[in-house]
Amino acid sequence: MSREFEIAREFEVDATPDQVWDAVTSGTGGWLWPMEPPEPREGGRGPWGSTVTAWDPPHKYTNRLEGVDEVAGQTLNQLDYTVEPRDEGRRAWVRYVHSGIFVDDWDNQYDGASRHTDFYLHTLREYLTKFAARPAAFATFDGPEASKGADAFAAVGRALGLADDTAEGARVRAQGPDGQVLDAVVDFRNPYFIGLRTDDALIRFFGRNHWGAPVGMSVHDFAPGADAKGNEAAWQGWLNRAFGA
């Protein structure tokens with residue numbers, strides 16, 4: 001049965017309102033995934049065929065997509081960003097609201113969307129404070145069928161060489177693809193997600209097996225000349241090997 005949902009979050013960040021605005025309108029490849037920038041006007045075209053319903057830079061941006069294909073599990077999707085200055089404009093307060101209509105399996109979809117929201121917004125803050133305005137080579141991909149298992153995400157931590165008690169904030173030498181050792185900070189970790197931050201990249205692991213999908217990965221590589229396809233090939237192989245594929 002179709003049912004409305006709303007996921008709302010608020011946070012402050014050490015970035016200016018203009019930096020936040022640029023990140024959510026034109027820099028999404030640095031923390032989410034690349035999207036076509038919206039037409040800069042109310043009524044303009046937004047990402048994925050949505051409509052810009054609010055446009056007040058750098059304070060208010062909303063896009064709304066009606067008639068979403070029910071195969072995607074939704075018939076309405078709306079994203080709303082409100083940005084206000086703090087500390088005379090040196091910092092920003094952000095309110096993010098994701099709302100719409102899920103058409104099936106509401107509890108599972110809401111749980112997945114809510115938990116992903118926390119991880120994506122954390123990655124936004126990492127991008128703003130560590131890599132703001134740097135272009136990203138972006139890659140995203142899924143693990144093999146075996147990564148759908150109920151306990152599958154634990155294999156990711158083991159493959160990285162993380163101990164079960166390695167917590168957020170720890171500096172680690174993680175095991176990357178092709179024998180590469182990554183000097184990294186574990187910037188996010190819970191049973192559903194792992195985030196690694198190196199000097200030049202944000203590497204994200206998604207335990208989507210908890211919601212019936214394969215484990216996923218994304219790489220936001222800010223190094224000069226970064227190769228998105230090369231990253232995908234290397235990390236896809238790593239992910240496959242983590243699950244014996």
Side-chain angles (χ1 to χ4, degrees), residues 7 9 11 30-33 72-73 98 102 104-127 130-131 136-221 228 230-245:
I7 299 166
R9 300 288 189 269
F11 59 90
W31 61 278
L32 187 60
W33 53 76
H98 179 197
F102 288 140
D104 191 23
D105 198 12
W106 194 93
D107 289 338
N108 189 55
Q109 288 214 70
Y110 181 84
D111 183 64
S114 180
R115 294 184 188 277
H116 276 73
T117 293
D118 292 331
F119 191 33
Y120 285 134
L121 293 180
H122 170 82
T123 303
L124 170 61
R125 293 191 291 274
E126 290 290 287
Y127 168 67
K130 305 297 192 303
F131 302 104
F138 174 79
T140 188
F141 39 89
D142 291 333
E145 189 71 14
S147 70
K148 288 184 174 182
D151 299 323
F153 196 58
V156 172
R158 291 194 297 268
L160 288 168
L162 303 182
D164 290 343
D165 61 352
T166 301
E168 290 180 18
R171 290 190 172 274
V172 298
R173 289 176 58 81
Q175 303 302 308
D178 304 321
Q180 181 183 8
V181 177
L182 305 175
D183 291 318
V185 173
V186 179
D187 67 90
F188 194 97
R189 190 177 192 188
N190 65 23
Y192 304 91
F193 307 103
I194 296 173
L196 294 182
R197 186 185 73 243
T198 69
D199 287 344
D200 291 309
L202 293 169
I203 305 168
R204 323 320 261 166
F205 303 87
F206 301 88
R208 295 185 177 125
N209 57 303
H210 292 285
W211 300 283
V215 167
M217 267 196 72
S218 66
V219 180
H220 309 264
D221 193 340
N231 284 337
E232 179 175 356
W235 279 104
Q236 181 76 76
W238 181 95
L239 196 56
N240 290 343
R241 287 189 293 275
F243 293 98

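For the atom pair D165 CG and R189 CZ, the distance stands at 8.0 Å (nearest 0.5 Å). Summarising the geometry, atom CZ belonging to F102 is positioned 5.0 Å from atom CD belonging to Q109; distances are rounded to the nearest 0.5 Å. To the nearest 0.5 angstrom, N231 atom CG is 11.5 Å from H220 atom NE2. Atom-to-atom distance recorded for R204:CZ and F188:CZ is 8.5 Å, nearest 0.5 angstrom. Put simply, CH2 on W106 and CG on N108 are 11.5 Å apart, with the number rounded to the nearest 0.5 Å. Remark: F131 CZ to D199 CG distance equals 7.5 Å, nearest 0.5 Å.
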Considering only distance and modelled atom types, tabulate donor-acceptor pairs under 3.5 Å from the side chains of residues 172-181, sequence neighbours left out.
unit_1 : atom_1 : unit_2 : atom_2 : d
R173   : NH1    : D183   : OD1    : 2.9

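V215 places none of its side-chain heavy atoms less than 4.5 Å from the side chain of D142. Counting heavy atoms from C-beta outward, T140 and W33 have side chains that stay 4.5 Å or more apart. Residues V156 and F193 are not in side-chain contact: their nearest non-hydrogen atoms beyond the backbone lie 4.5 Å or more apart. Within the 4.5 Å cutoff, the side chain of F243 has heavy atoms near those of the L239 side chain. By the 4.5 Å heavy-atom criterion applied to side chains, N190 and R115 are not counted as neighbours. Using a 4.5 Å heavy-atom threshold, the side chains of I7 and S114 count as touching. When side chains are defined from C-beta on, S218 counts as touching F138, because their heavy atoms get closer than 4.5 Å. Inter-residue side-chain proximity for T166 and L160 is flagged as unmet; no heavy-atom pair is nearer than 4.5 Å.
Nearest heavy-atom pair across I194 and F153 is N-CZ, 3.7 Å. Residue G30 comes nearest to L202 through the heavy atom pair O-CD1, 4.0 Å, listed as atom of the first residue, atom of the second, then distance. Heavy atoms only, all atoms of each residue included: A152 and S147 are closest at CB-O, 3.3 Å. Nearest heavy atom pair, residue A139 against residue E232, reads CB-CB, 4.0 Å. Of all heavy-atom pairs between P214 and G143, the closest is CB-O, 3.6 Å. In terms of heavy atoms, A155 sits closest to A242 at CB-O, 4.0 Å.
A search for salt bridge (Lys or Arg N to Asp or Glu O under 4.0 Å) contacts involving D118 returns R9, not counting sequence neighbours.
Ring centroids of F206 and W211 are separated by 6.0 Å or more, keeping the two rings apart. Aromatic pair W238/F205: ring centres closer than 6.0 Å.
Using modelled atom types and a 3.5 Å distance limit, the side chains of D187 and H122 yield a donor-acceptor pair.
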